[in-house]
There are 2 protein chains.
Amino acid sequence: MLPINNPIVVQHLLKDQIDAISPISDEEFAYILSHFVVKKLKKHAFLVQQGDHVKYDYFVMKGCLKAYVADEDTGKEFIYQFAVEDWWVTDREAYFKKSAATINVDCLEDCEVLGITLENREKLGAEMWKYEHFLSVKANWGYNSLQKRLQMMIMGNAKKRYESFIQQYPHLYNRIPKSFIASYLGVSRETLSRLYAL
Amino acid sequence: MLPINNPIVVQHLLKDQIDAISPISDEEFAYILSHFVVKKLKKHAFLVQQGDHVKYDYFVMKGCLKAYVADEDTGKEFIYQFAVEDWWVTDREAYFKKSAATINVDCLEDCEVLGITLENREKLGAEMWKYEHFLSVKANWGYNSLQKRLQMMIMGNAKKRYESFIQQYPHLYNRIPKSFIASYLGVSRETLSRLYAL
DNA sequence: CCCGACGAAGGACAATTGTCACTTTGATTT
DNA sequence: AAATCAAAGTGACAATTGTCCTTCGTCGGG
């Protein structure tokens, strides 16, 4: 049994994620959290828009977003990442270089995210060894997932890519419109539709 | 005019690369360099082989290599990165996680590379702020180039990918066999051949 | 000097995928 | 309840790309 005066442990996705890499106290987490801003967005709202100055790196608390590049010639979208609870998303290059965004990020559902500026990120990294470590592990995760994604795109045809997606993200399949999944897999909506008819 | 006793500045690709990010003295560079091992490899030799323990991250001094995954079913190769002078290459995930390599890296030409273990990498990072900074910038470069690569693969057909490759790596086009470039672009050798006939 | 290995080009045909048009379904709005 | 709209499935056809095969030229070793 918990002691009567046990302080309430507030469940927090971000704390859990950091904890899994380098365990921190509630006080430390509260300090970290104070460097983030909360943003609530409606479905279809933009988190990052092409040409914007990208002030924040975002951690997703609730909802689902897509990051994509828009082909101006054809008007088509090419989704290169989905982000759901527990994921991070931003235009990484623009964020670090303080350059204009080349990608868009928008909400597929009502969303709630935490944003941190580059300045606060570096401040926390310099102040807390544990956070610095967390960042470097997180950077590796990002790299590895990009590499997996690239491998999926290079290796084989539409069906293989589809199967690989299902295997890697079973929970996204019934959450995201098929047309967006098709864009993520680099095939037309119709082709995707025919794949799982088999 | 240079003073008569000016010490000879040894030209070194790696020093130049570090210098461009955080300038270091010759002494500092000599110290850094002492943490690397030199490897010389003949054409066709493997630098990393699937299943290996990946001990080093490699900086290419001379030569040209390809990093690829082999599809066991079809026996085909999918090249996801070329590496020439001034580039880094390894199986990044395996290197950091100390897991078995899932990719192969082999030499398209006789090569000369510098290798650094994860232990030495971390030692240098901890000892020298400048090197730590260099590593983090380098990590971002790697991420950004992967992202560009992914965008290239997602957006559009074989011709667009080909044009994008030519634009980004004009010097690689006449150095690397077309069949490998085709593999990098995710098309058959024949299709690539037909593209620049137009 | 010839031979074999390799890289490259291209023809013929098959397989894959994209495009367009139409239909159905279910959710949302009025 | 009717109207509207977004999402998804499907058929027909066209465009793209892969596969298989043959030919050609270059380079280096015997």
Side-chain angles (χ1 to χ4, degrees), chain A residues 42-45 63-66 68-71 73-79 82 106-110 152-166 169-198, chain B residues 42-45 63-66 68-71 73-79 82 106-110 152-166 169-198:
Chain A
K42 294 265 175 208
K43 183 172 174 173
H44 296 128
C64 177
L65 306 97
K66 65 186 202 304
Y68 60 97
V69 283
D71 185 327
D73 301 341
T74 61
K76 287 180 185 169
E77 290 183 6
F78 298 94
I79 297 173
F82 293 117
D106 68 28
C107 301
L108 301 183
E109 308 169 356
D110 291 354
M152 181 181 90
M153 292 303 291
I154 293 180
M155 298 190 66
N157 52 24
K159 197 190 296 186
K160 278 194 180 173
R161 299 206 293 274
Y162 167 71
E163 284 162 359
S164 157
F165 176 79
I166 295 292
Y169 306 110
H171 52 293
L172 293 187
Y173 177 71
N174 5 20
R175 183 168 178 183
I176 295 174
K178 303 280 174 289
S179 55
F180 293 144
I181 294 179
S183 166
Y184 181 86
L185 294 176
V187 297
S188 69
R189 190 182 55 75
E190 291 91 338
T191 297
L192 177 64
S193 177
R194 285 169 190 129
L195 284 179
Y196 47 74
L198 309 182
Chain B
K42 293 265 175 208
K43 184 170 174 174
H44 296 129
C64 178
L65 306 97
K66 64 188 203 301
Y68 60 97
V69 284
D71 185 325
D73 302 340
T74 60
K76 287 181 187 169
E77 291 183 7
F78 297 94
I79 295 174
F82 293 116
D106 67 27
C107 300
L108 302 183
E109 308 169 357
D110 291 355
M152 181 180 89
M153 292 303 293
I154 293 180
M155 297 190 67
N157 52 23
K159 196 191 297 188
K160 278 193 183 175
R161 298 206 293 275
Y162 167 70
E163 285 161 357
S164 156
F165 176 78
I166 295 291
Y169 306 109
H171 51 296
L172 292 187
Y173 176 69
N174 4 21
R175 183 168 177 182
I176 295 174
K178 304 278 174 291
S179 56
F180 294 144
I181 294 179
S183 166
Y184 180 87
L185 295 175
V187 298
S188 70
R189 192 180 52 73
E190 291 91 340
T191 297
L192 178 63
S193 177
R194 285 169 193 128
L195 286 178
Y196 47 73
L198 308 180

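Every heavy atom of this structure was used, including side-chain atoms; hydrogens, water molecules and symmetry mates were not. Numbered from 1 within each chain, the chains take letters A, B, ... in sequence-line order.
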Could you tell me whether a side-chain N or O of A:D110 sits under 3.5 Å from a main-chain N or O of A:K43, the two making a donor and an acceptor?
yes
Give the residues of residues 169-179 of chain A touching DNA chain C, defined as any heavy atom closer than 4.0 Å, sorted by residue number.
none
Counting distance alone, no hydrogens or angles: does the base of C:dG18 have a donor or acceptor under 3.5 Å from a partner atom on the side chain of A:R189?
no
When rounded to the nearest 0.5 angstrom, what is the spacing between CD in A:E109 and SG in A:C64?
5.0 Å
Nearest-Å distance, CZ (A:R194) to P (D:dA7)?
19 Å
Nearest whole angstrom, please: distance from the P of D:dA15 to the NZ of B:K160.
18 Å
note: A:E109, atom CD; D:dA7, atom P; distance rounded to Å ~ 13 Å
Expressed as a whole number of angstroms, how long is the span from A:K43:NZ to C:dA27:P?
13 Å
Contacts of B:E190 and A:L192 projected onto DNA chain C by closest heavy atom; the upstream (5') one is B:E190
When rounded to whole Å, the CE to C1' distance for the pair B:M155 and C:dG18 reads 17 Å
Roughly how far, to the nearest 0.5 Å, is CG of B:L185 from CE of B:M152?
5.0 Å
Residues two or more places apart in sequence or in another chain: which of them pass ring pair (Phe, Tyr, Trp, His ring centres under 6.0 Å) with B:F165?
B:Y169, B:Y184
Is B:K160 close to B:N157 at the side-chain level, that is, under 4.5 Å between some pair of heavy atoms?
yes
Protein-nucleotide distance (A:L195, atom CG; D:dG9, atom P), rounded to Å
11 Å
CG of A:L172 to CG of A:L108: how many Å apart, nearest 0.5 Å?
10.0 Å
Taking any heavy-atom pair under 4.0 Å as a contact, classify A:G156: base, sugar-phosphate, or nothing.
nothing
Phosphate OP1/OP2 of C:dT19: any A:K76 side-chain N/O under 4.0 Å
yes
Please give, in whole Å, the distance from C:dG7 P to B:F180 CZ?
6 Å
In this structure, how many angstroms lie between the C1' atom of D:dA15 and the NZ atom of B:K159, rounded?
12 Å
What distance do B:K66 atom NZ and B:D106 atom CG have between them, rounded to the nearest 0.5 Å?
3.5 Å
Mind listing the N/O atom pairs, protein and nucleotides 26-30 of chain D, below 3.5 Å?
none

Look at the side-chain N and O atoms of B:Y196 and state whether any lies under 4.0 Å from the OP1 or OP2 oxygen of C:dA8.
no
Interatomic distance, CG@B:D71 vs CE@A:M155, rounded to 0.5 Å, equals 4.0 Å
From the set C:dA9, D:dA8, D:dT17, return the single nucleotide nearest to any side-chain atom of B:T191.
D:dT17
Cationic tip of B:K178 within the cone over B:Y173's six-membered ring, i.e. under 6.0 Å and within 45° of the normal?
yes
